K.L.:
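For reference, the structure I am asking about is given below.
Just so you know, ligand 1 is whichever comes first in the structure, and atom 1 is the first atom listed for that ligand. Since this is a predicted model, take the numbers as computed values, not measurements. The figures here come from the full heavy-atom set of this structure, side chains too, leaving out hydrogens, waters and symmetry mates.
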Amino acid sequence: MKQFAKPFLVSAALWAATPLPVHAEMDVARLKAAIETSVEADYPKLDALYKDIHAHPEIAFQEVNTAAKLAAEMRALGFEVTEKVGQTGLVAIYRNGDGPTIMVRTELDALPMEEKTGLAYASHDKTTWNGRETFVAHSCGHDIHMASWVGTAKTLVGLKDQWHGTLMFIAQPAEEMTSGAKAMLDDGLFTRFPKPDFAFGLHDGAGAYGTVSYRVGIGSSTADALVIKFHGRGGHGAAPQRTIDPVMMAARFIVDVQSVISREKDPTEFGVISIGAIHGGTAVNIIPDDVLVLGTIRTFKPEVRTKMLAGIERTANAVAAMSDAPPPEIKITEAAKAVMNDPGVVATAEKVLKAAFGDKSRTSPPVTASEDFSEFVNAGVPSMFFNIGVYEPERVAAARNGTGAQLPDNHSPLFAPVPKPTIETGVKAMTLVVLSAFDQHARGK
Ligand SMILES: [Zn+2]
Ligand SMILES: [Zn+2]
């Protein structure tokens with residue numbers, strides 16, 4: 001992978017000639033133009049980086065080559081890079097005088113699935129994961145985030161006469177397992193390195209490219225993993241009276257647990273339970289001893305979560321009791337907390353995003369997916385996590401009004417962002433929100 005040998009001559013020169021007076025309001029129009037000039041000039045390199053990472057994805061905690069590529073880019077920009085933070089994560093620091101430390105996070109990991117986009121730069125790579133061979137694909141778009149992250153770093157270095165403080169760019173492993181953020185924190189992310197004053201992250205999705213969406217407060221859901229083992233007593237399928245049938249229990253549970261959603265939860269509050277896997281039995285005529293049911297529970301609010309977990313446990317115990325079976329083993333593990341966006345950080349960023357993107361920048365409902373970016377927020381860093389779109393606006397409009405095909409979401413084997421406008425929007429939006437946070441801090445508001 002080629003590195004950026006000559007950082008950002010175009011807009012650095014442009015800005016050196018016309019420095020802004022100290023404590024002036026941010027001139028968003030001029031900054032935006034400078035950022036656009038910079039990204040346009042750098043885009044061929046960002047495109048090559050994106051397509052290289054896309055074609056050679058790596059799965060959670062295996063992101064060795066991906067991290068090495070990013071480390072090389074950041075070193076070439078003058079960042080001080082520490083590798084292997086939280087196994088495969090990296091931390092890149094750039095000091096530029098007195099001021100706040102601002103963290104920008106990307107993920108490194110891809111998914112254990114086969115890409116079916118047919119793109120020239122599609123992944124055909126395989127790896128071994130959990131003892132099995134699997135295809136690997138960047139079907140969540142973390143490669144877009146990485147290209148935007150490098151582009152943002154480069155743009156901010158080029159604009160370094162416009163801000164003072166420290167950039168802390170981190171590349172996090174294993175977001176899809178919601179364990180990489182914690183791995184970095186446990187490895188001293190906020191003790192070996194400065195604890196940031198603010199943090200930003202972004203995620204792409206099946207909206208229109210060129211759009212930015214964000215919100216104050218809850219940005220994504222709390223995720224709990226559900227594992228239930230129903231214990232019965234196996235026997236012949238022709239003599240069920242001499243067995244206790246765990247398949248029946250699992251079937252009842254899967255249907256009845258949805259009444260926790262429809263009858264117990266407040267219908268105006270978000271909460272979902274989806275069963276993703278059932279494991280039990282071997283043959284048509286054998287009633288097995290036990291059946292394993294795996295699912296995910298998503299909520300926004302703690303009180304809704306508490307109520308749902310109680311209902312789910314009660315339903316599991318009740319279906320076992322109905323069959324005169326022993327109580328099931330129920331394990332519910334919190335995988336990620338909801339991301340809470342800081343009102344002050346969002347308010348500052350919003351002004352700048354509105355000025356730069358107009359009505360293509362808008363508030364949005366929280367996403368029902370989950371994000372371990374919440375680990376950084378919960379470690380006490382006021383943050384903003386926002387979303388950008390990846391598809392042609394016309395195709396998105398046609399899909400929404402029913403005249404065009406549904407567009408593939410993240411985690412679809414067909415997820416295929418349009419690279420240039422998506423990465424450019426990522427760089428532009430991220431650079432502007434970071435500058436807005438530096439600016440706000442400098443003016444002491
Ligand atoms: Zn994902
Ligand atoms: Zn993702």
K.L.:
Judged by atom type as modelled, is there a donor-acceptor pair below 3.5 Å linking the side chain of Asp224 to the main-chain atoms of Ala335?
P.N.:
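Such a contact is absent between Asp224 side chain and Ala335 backbone.
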
K.L.:
Distance under 6.0 Å and angle within 45° of the ring axis: does Lys420 meet both against Tyr43?
P.N.:
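Yes, a cation-pi geometry.
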
K.L.:
With the Zn ion (ligand 1) as the point of reference, which N/O/S atom of Glu176 is the closest?
P.N.:
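So the atom name we want here is OE2.
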
K.L.:
Should the pair Glu334-Arg305 be classified as a salt bridge under the 4.0 Å nitrogen-to-oxygen rule?
P.N.:
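Looking at Glu334 and Arg305, the cut-off is met.
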
K.L.:
Is it the case that the ring center of Phe79 lies less than 6.0 angstrom away from the ring center of Phe169?
P.N.:
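Yes; Phe79 has its ring centre under 6.0 Å from that of Phe169.
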
K.L.:
Look at the N, O or S atoms of His145, main chain and side chain alike, and state whether any lies under 2.8 Å from the Zn ion (ligand 2).
P.N.:
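No - counting backbone and side chain alike, His145 has no N, O or S atom under 2.8 Å.
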
K.L.:
Is the Zn ion (ligand 1) less than 2.8 Å from an N/O/S atom of His411, whether that atom is in the backbone or a side chain?
P.N.:
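It does: His411 brings an N, O or S atom closer than 2.8 Å to the Zn ion (ligand 1).
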
K.L.:
Nearest 10° is fine: what angle sits at the Zn ion (ligand 2) between NE2 from His142 and SG from Cys140?
P.N.:
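Rounded to 10°, it measures 100°.
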
K.L.:
Just wondering, is there an N, O or S atom on Glu175 that's nearer than 2.8 Å to the Zn ion (ligand 1)?
P.N.:
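No - counting backbone and side chain alike, Glu175 has no N, O or S atom under 2.8 Å.
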
K.L.:
Quick one about Gln62 and Thr127 (side-chain donor to acceptor, distance below 3.5 Å, no hydrogens or angles considered), yes or no?
P.N.:
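Checked: Thr127/Gln62 side chains pair up, N/O donor to acceptor below 3.5 Å.
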
